[in-house]
There are 2 protein chains.
Amino acid sequence: MFTLAEENYLKAIFHLEHESSGEVSTNAIAESMETKPSSVTDMIQKLAEKKLVVYKRYKGAQLTEKGKKIAANVIRKHRLWEVFLVEKLNFHWDEVHEIAEQLEHIQSEELITRLDKFLGSPDFDPHGDPIPDKHGVLKRTEKKLLSEIEKTQKGVCVGVKESSADFLQYLDKKKISIGTKITVLGKEFFDGSMIIQVGNEQFFISKTVAENLFVQTL
Amino acid sequence: MFTLAEENYLKAIFHLEHESSGEVSTNAIAESMETKPSSVTDMIQKLAEKKLVVYKRYKGAQLTEKGKKIAANVIRKHRLWEVFLVEKLNFHWDEVHEIAEQLEHIQSEELITRLDKFLGSPDFDPHGDPIPDKHGVLKRTEKKLLSEIEKTQKGVCVGVKESSADFLQYLDKKKISIGTKITVLGKEFFDGSMIIQVGNEQFFISKTVAENLFVQTL
DNA sequence: CTTTATTTTTAGGCTTAACTAAAAATAAAA
DNA sequence: TTTTATTTTTAGTTAAGCCTAAAAATAAAG
Ligand SMILES: [Mn+2]
Ligand SMILES: [Mn+2]
Ligand SMILES: [Mn+2]
Ligand SMILES: [Mn+2]
C-alpha cells in the first residue's frame, strides 16, 4: 500500500509530533532521518497529495488521522517484532532495533494479528515502549524521567528514552533493566548528576543517563 | 549487501538452472519473473559485472559459485520463514509463500541462525522443499513425480512441485498432505490421468495433478 | 525598520529498476 | 542457402527517492 520510504517518513513525523506538539519542521524531519531538507520537502509534498499530512509551505507538516493510523501501525509492527526477537529468539535488547527497522515494513495484516497472539498480546516492547493496538491507539502510562524525581524517592525502571546499543549496554553493566528498583540517594544541583542505589550497589550517574531512563515513582 | 531486485533475479536463475541444466535464457528469466526481456538483459549485465553470473551476449546467464551461494541463502531464508509461519503462527501451507517472499530479504545473519535454532533446524519447508544449510548446500532427496510411478505401486507424498494456493487447496480437499500414503490403482495411457487411493477413498486425478506431486516409492 | 542569518523550497541531476520500440543476432523453415 | 520467425540487445523514457546549489521566504539582530 505504501512504500518503505513513505512509511519511514510517517513514522518519523509521528515520533516528532509526540516530542513537541504542533507542526513538525522540515529540518527536524531531515535531522531525525539523516537526510537532506530538500529531500524532505519532496516527500512531504507527496504525502500531502495523498492526504497523509497537512502541509503549508514554510510551515511544516502535521499528520492527518489517516497518516497517524498508518504511522502507529508501523510502530506497532516494529515493537511486536522486537518482542519476538527478544522473547522467542533470545536476542538481547540492544540488538533488535536494526532488524525491527526492516521487519516493520512486511505487509500482511494477518501476519501481525497472528504474531501478536503468538506473543500473548504484549503491551510493551523490550525497551518499555507501549505497543499501539490494532486501531493505532497508544495508551499513555504514568512515567517520569529519572532526572525529574527527587532525593530519597524510589522508582522502578519502566523504559528508556534513548535505545542505542551503547546506552543499553551501559545499563546492563550497571544491572539496570525494565523492572529494576532505583533509589535516588543524592542529586547534584550544579550538573544534574546523581548518586543512586540499585540492589546493593550505590553509584554515580550523569545527567545524560538520568534524562534517558523512565521510571514510575513508588 | 545486495538489493531486493538482485536477490530476486539470483533466486530465479537458481531455480531455472535446476529445472534444466546449462545457461538460462533471457526469456526464461523474464517469464518466471513476470518482467520484460529487456529488463532482464539490463540486470544480468549488472550481475555479470558483480561476478554473480557469467554472461555472454545472446547465450544467457549462469550463476557463479558466489551467485549460487547468495541465491541458496535467500531460498534458505524463504523456507525457514515458511516453516515459522506454519509451525509457530499456524498459517496454512497455502498462505505463506507471499509473506515469505518479503521476509526472505531481511538482512541479518544472526537472525537466521537464531530462527533456524528456534525452529529445530528443519530440513524441509511446509511444501516438502529442502532447506539449504548455512553454506548454501542443498541435499537432494530421492523423489519422483507421482506421474512417473506405475500401477499398483505405493508412494508417500513428500512435496509439491507447484505450490500455488489453488493447487494446495485442491490437495486439502482430497486429504493429501506431506506424509500421506498414495496407491496408484490405475493409470490411463491416453491422457496420463490416474485412479488413486488415499486412505479409504479412491478417486480420479488428472495428469496435471500427478505431475505436480512428489512421492517416495515404498 | 533594515540588515543579516536561518530555514525552506525550487531547479536540475543522479541512480535503480522498470518500460516501449527498434535494431541486431540467432534459429528455424522453405 | 536464402527467407522468415524468434530471441536478445540497445536506445531512449519514466518514476521514486535521493543529492547539490541557488533562490525565496521567514526569523533574528542590530
Ligand atoms: Mn526499535
Ligand atoms: Mn523499541
Ligand atoms: Mn514459497
Ligand atoms: Mn515453500
Trainee: Compile the donor-acceptor pairs under 3.5 Å between side chains in residues 78-94 of chain A and protein atoms, sequence neighbours left out, one pair per line.
Mentor:
residue, atom, partner, partner atom, Å
His78(A), ND1, Glu104(A), OE1, 2.7
His78(A), NE2, Glu82(A), OE2, 2.8
His78(A), NE2, His97(A), ND1, 3.2
Arg79(A), NH1, Pro130(A), O, 2.7
Trp81(A), NE1, Leu103(A), O, 3.4
Glu82(A), OE1, His127(A), ND1, 3.0
His92(A), ND1, Asp94(A), OD1, 2.9
His92(A), NE2, Asp172(A), OD2, 3.1
Trp93(A), NE1, Asp172(A), OD1, 3.3
Asp94(A), OD2, Gln169(A), NE2, 2.5

Trainee: Can a side-chain donor-acceptor contact be found between Asp191(A) and Ser193(A) if the only test is distance below 3.5 angstrom?
Mentor: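 Distance-only check passes for Ser193(A) and Asp191(A).
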
Trainee: Output a table of donor-acceptor pairs, distance under 3.5 Å, between side-chain atoms of residues 135-151 of chain B and any protein atom two or more places apart or on a different chain; print 'none' if there are none.
Mentor:
residue, atom, partner, partner atom, Å
Arg140(B), NH2, His18(B), ND1, 3.0
Glu148(B), OE1, Leu145(B), N, 3.0

Trainee: Salt-bridged, Arg114(B) to Glu110(B), with N to O below 4.0 Å?
Mentor: yes

Trainee: Ignoring backbone atoms, establish whether Asn27(A) has a side-chain N or O less than 4.0 Å from OP1 or OP2 of dT6(C).
Mentor: no

Trainee: To the nearest angstrom, how far is Asn8(A) atom CG from dA16(D) atom C1'?
Mentor: 14 Å

Trainee: Once salt bridge (charged side-chain N to carboxylate O under 4.0 Å, His left out) is applied, do any residues pair with Glu98(A), and if so which ones, sequence neighbours excluded?
Mentor: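 Checked Glu98(A) against salt bridge (charged side-chain N to carboxylate O under 4.0 Å, His left out); zero matches.
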
Trainee: Grab the CG-C1' distance between Leu4(B) and dT16(C) for me, whole Å please.
Mentor: 12 Å

Trainee: Please work out which residues in residues 66-74 of chain A have a non-hydrogen atom less than 4.0 Å from an atom of DNA chain C and list them by number.
Mentor: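 Of all residues in residues 66-74 of chain A, none places a heavy atom under 4.0 Å from DNA chain C.
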
Trainee: Could you check how far CD of Gln45(B) sits from C1' of dT15(C), rounded to whole Å?
Mentor: 17 Å

Trainee: If we only count heavy atoms from C-beta on, is the Asn27(A) to Glu31(A) side-chain gap below 4.5 Å?
Mentor: no

Trainee: Provide, to the nearest angstrom, the distance between the CD atom belonging to Glu23(B) and the C1' atom belonging to dT8(D).
Mentor: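 Rounding to the nearest Å, CD of Glu23(B) and C1' of dT8(D) are 14 Å apart.
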
Trainee: Take atom CZ of Phe2(B) and atom C1' of dT15(C), then tell me their distance rounded to the nearest Å.
Mentor: 18 Å

Trainee: Would you say NZ of Lys187(A) has more than 12 non-hydrogen atoms from neighbouring residues, nucleotides or ligands within 6.0 angstrom?
Mentor: yes

Trainee: Could you give the NZ-to-P distance, from Lys59(A) to dT26(D), as a whole number of Å?
Mentor: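 Checked: the NZ to P distance equals 7 Å.
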
Trainee: List the residues meeting salt bridge (charged side-chain N to carboxylate O under 4.0 Å, His left out) with Glu34(B), not counting sequence neighbours, and say none if there are none.
Mentor: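 Testing Glu34(B) for salt bridge (charged side-chain N to carboxylate O under 4.0 Å, His left out), a comparison that skips the adjacent residues, returns none.
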
Trainee: Could you tell me if the side chain of Glu23(A) sits less than 4.5 Å from the side chain of Lys56(A), heavy atoms only?
Mentor: no

Trainee: At under 4.0 Å between heavy atoms, how does the protein contact nucleotides 18-24 of chain D? Give one character per nucleotide, 5' to 3', with B, S or -.
Mentor: BBB---B

Trainee: Would you kindly give the NZ-to-C1' distance between Lys56(A) and dT7(C), to the nearest whole Å?
Mentor: 18 Å

